[in-house]
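Note on naming: letters A, B, ... go to the chains in the order of the sequence lines (proteins, then strands), and numbering restarts at 1 for each one.
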Amino acid sequence: MYETNYHRPRDLAEAESQFAAAAEARYLAGGMTLLPTMKQRLAAPSDLVDLGRLAELKGIAVTTDAVTIGAGVTHAEVAEAPEIRAALPALAALAGQIGDPHVRHRGTIGGSLANDDPAADYPAAVLALGATIRTTRRELAAEEFFQGLFTTALEEGEILVSVTFPLAARAAYAKFPNPASRYAMAGVFVARMPDGAVRVGVTGAGQDGVYRDAAFEAALEADFAPAALDPIEVDASAMLSDLHGSAAYRANLVKVMAKRAVAAAG
Amino acid sequence: MTSISITVNGTTRRAEVEGRTLLVALLRETFGLTGTHVGCDTSQCGACVVHVDGKAVKSCTMLAAQADGCQVRTIEGLAQGDQLHPVQAAFHEHHGLQCGFCTPGMIMAAVDMIERHDARLDEATIRHELEGNICRCTGYHNIVKAIQAAADQMAGLRQAAE
Ligand SMILES: Cc1cc2nc3c(=O)[nH]c(=O)nc-3n(C[C@H](O)[C@H](O)[C@H](O)COP(=O)(O)OP(=O)(O)OC[C@H]3O[C@@H](n4cnc5c(N)ncnc54)[C@H](O)[C@@H]3O)c2cc1C
Ligand code: FES
Ligand code: FES
């Protein structure tokens with residue numbers, strides 16, 4: 001790892017000013033993506049601004065129709081929070097499937113979303129539930145936030161503060177993990193909202209990162225059952241293809257995971 | 001350089017660290033606590049697992065500066081004198097190791113999982129919980145047996161204490 005200057009700001013305002021003052025700064029949250037990348041020398045920020053202890057990024061709040069989670073809340077905290085397990089159990093279950101216990105103790109929801117890895121789990125839930133992302137500068141709808149592989153709407157120095165997930169009537173996440181890395185080879189989050197609308201977020205598989213599947217959504221709005229997806233062909237030409245799996249394999253996996261998610265959502 | 005203070009196995013220590021110094025490097029190279037191992041470059045193997053403020057973390061993927069002010073427990077902090085921790089004793093009893101390279105991380109992960117599950121563990125849970133720890137020797141079988149035995153014993157001790 002190249003040398004870097006470590007900073008621990010007292011609050012969000014100081015974090016933004018430390019970021020702005022540095023030559024090439026990066027925010028540090030759980031470090032579960034950024035530190036391995038720095039160890040490989042794929043990233044070499046001159047300065048690290050550690051958001052890890054900021055109280056403004058902590059906290060979970062549940063209302064009658066939404067769950068709000070601070071950007072600095074860890075995957076383990078989301079998985080275990082009794083209020084999330086009661087209000088939005090599919091999200092708690094998703095968090096409990098990220099990586100391994102040690103990664104979940106450090107990794108945060110804000111870090112995962114800011115990083116926008118095409119195989120990360122949270123983006124599927126953010127898109128499927130139509131979550132709102134609050135930053136130090138504005139609010140963004142899920143659709144505006146994700147902009148392709150490892151790319152989000154966040155501007156230089158902007159900090160993701162919290163995510164608000166509307167509660168679903170029924171929801172579930174089904175993931176086929178890569179056996180070595182635990183990242184999603186295909187992960188599908190299915191949500192049936194209180195007004196009957198169905199939204200499906202797919203991660204791990206698409207060439208342009210996380211996406212919504214309109215064909216799945218229409219079929220499930222007509223009939224919320226796994227078999228409703230049988231006639232739908234997933235377009236392999238839009239799928240990722242790498243040493244872990246071909247595009248055709250992933251296309252099939254997306255449909256299998258979608259059916260499992262619908263079955264689990266009940 | 002940043003000046004930090006960390007309590008390791010009950011003793012508070014100060015150190016001057018570079019921004020890039022990893023917690024595992026501080027433990028091994030500055031404090032001489034070489035029981036914590038480094039088995040990979042990709043944050044996947046778990047040989048480096050220690051507890052920071054009571055939670056199992058990969059010390060190869062945390063900066064020493066991030067642990068400033070924290071309580072750190074390493075494999076060296078488990079035994080009390082000659083008295084092995086129940087998880088250490090169970091690894092010995094059930095042959096939960098061959099070369100021993102993964103063992104410190106396995107044991108620290110095991111202690112964390114037993115504490116989080118209040119010592120109530122079954123085989124499937126143990127195997128699932130070990131996803132962040134890789135062993136190239138044992139095939140995991142005896143590791144799982146050792147953790148199960150230690151958890152059962154610790155559950156018994158808890159009941160007896162109640
Ligand atoms: C072995 C292993 C297995 C994993 N498996 C999975 C998996 O199965 N599924 C999965 O989804 N992920 C997985 N991950 C990634 C993990 O979820 C990370 O925690 C996550 O991607 C990044 O979160 P972090 O808090 O660690 O962020 P960091 O690594 O600290 O930061 C990541 C990026 O986000 C930026 N950032 C962080 N917080 C903010 C903020 N609040 N505002 C603006 N920018 C910010 C940083 O500058 C950096 O660019 C795995 C990681 C490891 C090491
Ligand atoms: S050394 Fe392999 S995970 Fe830390
Ligand atoms: S005992 Fe050799 S790696 Fe586990």
Side-chain angles (χ1 to χ4, degrees), chain A residues 1-9 18 22 25-54 72 74-77 79-80 93 96-108 111 177-183, chain B residues 1-4 16-25 38 40-70 105-106 108-118 121 125-134:
Chain A
M1 197 188 291
Y2 292 111
E3 179 51 330
T4 184
N5 301 306
Y6 174 84
H7 307 270
R8 190 185 301 144
Q18 287 175 345
R26 290 285 283 277
Y27 291 120
L28 177 66
M32 291 297 110
T33 294
L34 185 52
L35 293 177
T37 314
M38 289 174 66
K39 284 163 70 177
Q40 312 271 343
R41 298 187 169 180
L42 296 171
S46 65
D47 294 74
L48 286 178
V49 179
D50 186 359
L51 306 177
R53 298 189 190 188
L54 296 183
T74 64
H75 309 328
E77 286 163 347
E80 283 151 27
Q97 290 176 53
I98 297 175
D100 58 58
H102 326 310
V103 168
R104 294 195 288 274
H105 280 150
R106 299 280 314 152
T108 66
N178 177 310
S181 76
R182 324 307 308 175
Y183 276 95
Chain B
M1 299 290 271
T2 313
S3 178
I4 61 166
E16 293 287 316
V17 297
E18 288 185 30
R20 65 177 160 183
T21 304
L22 296 169
L23 177 59
V24 70
V38 176
C40 74
D41 250 348
T42 50
S43 308
Q44 286 175 311
C45 77
C48 62
V49 169
V50 302
H51 298 182
V52 174
D53 288 344
K55 294 193 170 88
V57 306
K58 292 174 173 171
S59 62
C60 74
T61 314
M62 181 167 182
L63 299 175
Q66 287 177 290
D68 184 19
C70 293
M106 286 288 176
M108 296 313 286
V111 172
D112 172 76
M113 97 170 67
I114 291 171
E115 284 169 1
R116 270 187 294 112
H117 290 269
D118 220 5
L121 287 170
T125 310
I126 295 170
R127 287 187 184 275
H128 182 68
E129 286 276 347
L130 283 178
E131 272 174 356
N133 295 79
I134 293 174

**OP:** Heavy atoms only: give me the nearest A:R53-B:A65 pair and the separation to one decimal.
**Re:** NH2-O, 4.4 Å
Subject >> Exercise: identify the closest heavy-atom pair between B:H128 and A:G96 >> reply: NE2-O, 4.5 Å
Subject >> Contact origin within A:T37 toward chain B - heavy atom pairs under 4.5 Å >> reply: neither
Subject >> Donor-acceptor contact below 3.5 Å, side chain A:Q40 vs main chain B:D41 >> reply: yes
**OP:** Mind listing the closest non-hydrogen atom pair of A:M1 and B:R20 along with its distance?
**Re:** O-NH1, 2.8 Å
Subject >> Toward chain A, the part of B:D68 with a non-hydrogen atom under 4.5 Å >> reply: both
**OP:** Please confirm whether the backbone N or O of B:Q66 pairs with a side-chain atom of A:R8, one donor and one acceptor, at under 3.5 Å?
**Re:** no
Original post:
Between the side chain of A:K39 and the main-chain N/O of B:S43, is any donor-acceptor distance below 3.5 Å?
Top reply: no
Original post:
Non-hydrogen atoms of chain A under 4.5 Å away: do they reach the side chain of B:V49, the backbone, both or neither?
Top reply: side chain
Original post:
Which answer fits A:L34, side chain, backbone, both or neither, if we ask what part of it has an atom under 4.5 Å from a heavy atom of chain B?
Top reply: neither
Subject >> Donor-acceptor side-chain pairing of A:H102 and B:N133 below 3.5 angstrom >> reply: yes
Original post:
Are A:T74 and B:K55 side-chain neighbours, meaning at least one heavy-atom pair lies under 4.5 Å?
Top reply: no
**OP:** Would you give the length of the straight line joining atom OG1 of B:T2 to atom NE2 of A:H7, rounded to the nearest 0.5 angstrom?
**Re:** 9.0 Å
Original post:
Going from CG on A:N5 to CD on B:E18, what distance comes out if it is rounded to the nearest 0.5 angstrom?
Top reply: 10.0 Å
**OP:** Looking only at non-hydrogen atoms, find the nearest pair between A:D100 and B:K58 and report the distance.
**Re:** OD2-NZ, 2.6 Å
**OP:** With a 4.5 angstrom heavy-atom cut-off, could you sort out which part of B:L63 is near chain A: side chain, backbone, both or neither?
**Re:** both
Original post:
Which pair of non-hydrogen atoms, one from A:G99 and one from B:E131, has the smallest distance, and what is that distance?
Top reply: O-OE1, 3.7 Å
Original post:
Side chain of A:H105, backbone of B:V57: donor and acceptor closer than 3.5 Å?
Top reply: no
